[in-house]
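Below: the structure, in structure tokens.
Note that this is a predicted model, so its numbers are computed, not measured.
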Amino acid sequence: MKRIKLVVAYDGTGYRGWQIQKNGETIESVLDRALTELTGETIHVMGASRTDSGVHAMGNVAVFDTQARMAADKFSYALNQRLPEDIRIQNSCEVPADFHPRYQRAVKTYEYRILNREFPLPAYRLNTYFCYRSLDTERMRQAAAYLLGEHDFQSFCAAGAQVKTTVRTICDLQIVKEGDLITIRITGDGFLYNMVRIIAGTLIKIGSGEWPPEYMKEILEARDRAKAGPTAPAKGLTLMEILFLGEKAR
């Protein structure tokens, strides 16, 4: 028996998120079927991040156990011949038998994309949030600076989430504007349920002038979800990379 790690990219538009659901197709269910067909074994993958319905990924990670004799690096090629075009394996390799992507020390990087112009562009409709109100990226950067470091992010956690602690560390948060496209790029040691989307929704309100940048500090200290902005739509969010301890950035 060996354990194989997959780096998985997908367009989440047509899926009910990562985790298997009774009410629709998910990334996990598609991978399980493809691997079961490929190996002749009953395969259940274990994912690093259970992305929500409509969220995308460039580098989510999953592992599975198999007795198949196929070389680890060949699984990516074989799977991509069986997967739909909106899911693609970027890399496959063998890892230790006790490697579990949800319990390894890691940093994750997400991007939230905003198309900021008067009218939408159809090419961006599936992976970018459209906002017609003019956003001041300098105000957004000033507000984002309050979030760097270790904090209690309870104000940015969806109600009802069951976690031992709401303390997390954000080690990098950049806001980049290229033409009409604003990208919020955030890297941390872990994220609470809807945390990145709530941060994005709060930064949008600050960028539009509804709140001053300094209000971000008050939101953080309040530890109250009601103080923060709305949860930005899922389609603007992409999980870019999960980097485990000892790995180098790709």
N/O donor-acceptor pair under 3.5 Å between S155 side chain and I219 backbone: yes
Can you name the salt bridge (Lys or Arg N to Asp or Glu O under 4.0 Å) partners of E218, sequence neighbours left out? none
Does the side chain to side chain contact (heavy atoms under 4.5 Å, CB included) test come out yes or no for L6 and L79, once each step is laid out? CA-CA 10 Å; L6 305 174; L79 279 173; 3.9 Å; yes
Criterion side chain to side chain contact (heavy atoms under 4.5 Å, CB included) on V45 and E28, from CA distance to verdict: CA-CA 7 Å; V45 300; E28 187 177 33; 3.7 Å; yes
Show the nearest heavy-atom pair for residues S208 and L135, with the distance to one decimal. N-CD2, 3.6 Å
Could you tell me whether the side chain of S53 and the main chain of Y15 form a donor-acceptor pair under 3.5 Å? yes
Are T39 and F75 close enough, and set up right, to give a side chain to side chain contact (heavy atoms under 4.5 Å, CB included), and what steps lead you there? CA-CA 10 Å; T39 64; F75 275 96; 4.1 Å; yes
P101 backbone acceptor or donor facing K5 side chain under 3.5 Å: no
For P213 and Y146, which heavy atoms make the closest approach, and how far apart are they? O-CE1, 3.6 Å
Less than 4.0 Å between a side-chain N and a carboxylate O, is that true for R197 and D52? yes
Measuring from atom CD1 of I20 to atom OG1 of T26, what distance do you get when rounded to the nearest 0.5 angstrom? 5.5 Å
Polar side-chain atom of T238 near backbone of M240 as donor-acceptor pair, under 3.5 Å: no
Do other residues, nucleotides or ligands put more than 12 heavy atoms under 6.0 Å from the CE atom of M46? yes
Hey, mind stepping through R33 and E25 against salt bridge (Lys or Arg N to Asp or Glu O under 4.0 Å) and telling me if it holds? CA-CA 11 Å; R33 284 201 305 273; E25 191 77 286; 2.6 Å; yes
Just so I know, are the side chains of S49 and K108 near enough to count as touching, which here means a heavy-atom distance under 4.5 Å? yes
Working to the nearest 0.5 angstrom, can you tell me the gap between L147 CG and F156 CZ? 5.0 Å
For the side chain of H151 and the backbone of F153, is there at least one donor-acceptor N/O pair under 3.5 Å apart? no
Interatomic distance, NZ@K205 vs CD@E210, rounded to 0.5 Å, equals 3.5 Å
Let me confirm one number: the CZ-OG distance from R16 to S29, rounded to the nearest 0.5 Å. 12.0 Å
Distance flag, aromatic centroids of F99 and F244, threshold under 6.0 Å: yes
Do V7 and N60 come close enough that some side-chain heavy atom pair is under 4.5 Å? no
Linking I/L/V/M/F/W/Y whenever any side-chain heavy atoms sit under 4.5 Å apart, do I198 and L237 land together? yes
Student check: side-chain heavy atoms of N127 and D11 closer than 4.5 Å: no
Within the structure provided, determine whether M216 and E214 are in side-chain contact (heavy-atom separation under 4.5 Å). no
Do you reckon V30 sits in the same ILVMFWY cluster as L239, going by side-chain contacts under 4.5 Å, direct or chained? no
Which pair of heavy atoms, one from A232 and one from G201, lies closest together, and at what distance? CB-N, 3.9 Å
Is the closest side-chain heavy-atom distance between I89 and V8 below 4.5 Å? yes
Please determine, by modelled atom types, if T166 and D152 share a side-chain donor-acceptor pair under 3.5 angstrom. yes
Given K177, which of D136, T183, I182 fulfils the side chain to side chain contact (heavy atoms under 4.5 Å, CB included) condition? I182
Ignoring hydrogens and angles, state whether a donor on the side chain of Y132 or N116 is under 3.5 Å from an acceptor on the partner side chain. no
R125 meets the salt bridge (Lys or Arg N to Asp or Glu O under 4.0 Å) criterion, sequence neighbours left out, with none
R113 (side chain) donor-acceptor with T128 (main chain) under 3.5 angstrom: no
Identify whether Y112 and L173 are in the same connected component of the hydrophobic contact network (ILVMFWY, side-chain heavy atoms under 4.5 Å). yes
With a 3.5 Å distance limit and no angle check, can you tell me whether H56 reaches the backbone of G12 through a side-chain donor-acceptor pair? yes
Between Y110 and T51, do the side chains contain an N or O donor and an N or O acceptor separated by less than 3.5 Å? no
Residues at least two apart in sequence or cross-chain that pass salt bridge (Lys or Arg N to Asp or Glu O under 4.0 Å) with K235, listed by chain then number, are none
Using atom types as modelled and distance alone, determine if a side-chain donor or acceptor of D73 lies under 3.5 Å from a backbone N or O of C93. no
For a quick test of reading the model, state the closest non-hydrogen atom pair linking R82 to A34 and the distance between them. CD-O, 4.1 Å
Quick one: do I43 and M70 end up in the same hydrophobic cluster if we chain Ile, Leu, Val, Met, Phe, Trp and Tyr together by side-chain heavy atoms under 4.5 Å apart? yes
Using 0.5 Å steps for rounding, measure from the NZ atom of K2 to the CZ atom of R69. 9.5 Å
Would you check if T231 and R225 make a side-chain contact, meaning some heavy-atom pair closer than 4.5 Å? yes
In short, A143 meets L203 closest at the heavy-atom pair CB-CD2, 3.9 Å
State whether the side chain of R88 and the backbone N or O of Y10 hold a donor-acceptor pair below 3.5 Å, judged by distance alone. no
Can you list the steps and then say if E111 with R185 is a salt bridge (Lys or Arg N to Asp or Glu O under 4.0 Å)? CA-CA 4 Å; E111 285 188 359; R185 185 178 178 89; 2.4 Å; yes
Look up atom CD1 in I175 and atom CD1 in I186, then write down how far apart they are to the nearest 0.5 Å. 9.5 Å
With the side chain counted from C-beta on, respond yes when E37 and L35 share a heavy-atom pair under 4.5 Å apart, and no when they do not. no
Using the rule that Ile, Leu, Val, Met, Phe, Trp and Tyr join whenever any side-chain heavy atoms are under 4.5 Å apart, tell me whether L192 and L220 fall into a single cluster. yes
Hey, is the main chain of G24 close enough, under 3.5 Å, to the side chain of K22 for a donor-acceptor pair? no
Can you check side chain to side chain contact (heavy atoms under 4.5 Å, CB included) on F64 and L31, steps first, answer last? CA-CA 10 Å; F64 66 95; L31 289 174; over 6 Å; no
Charged N to carboxylate O below 4.0 Å: is that the case for E138 and R141? yes
Closest heavy-atom pair and its distance - D98, R3: C-NH1, 4.3 Å
Is the shortest heavy-atom distance from the side chain of I114 to the side chain of L181 under 4.5 Å? no
Within 6.0 angstrom of Y193 OH, more than 12 heavy atoms from elsewhere: no
Assess the side chains of T36 and E41: does a donor N or O sit below 3.5 Å from an acceptor N or O? no
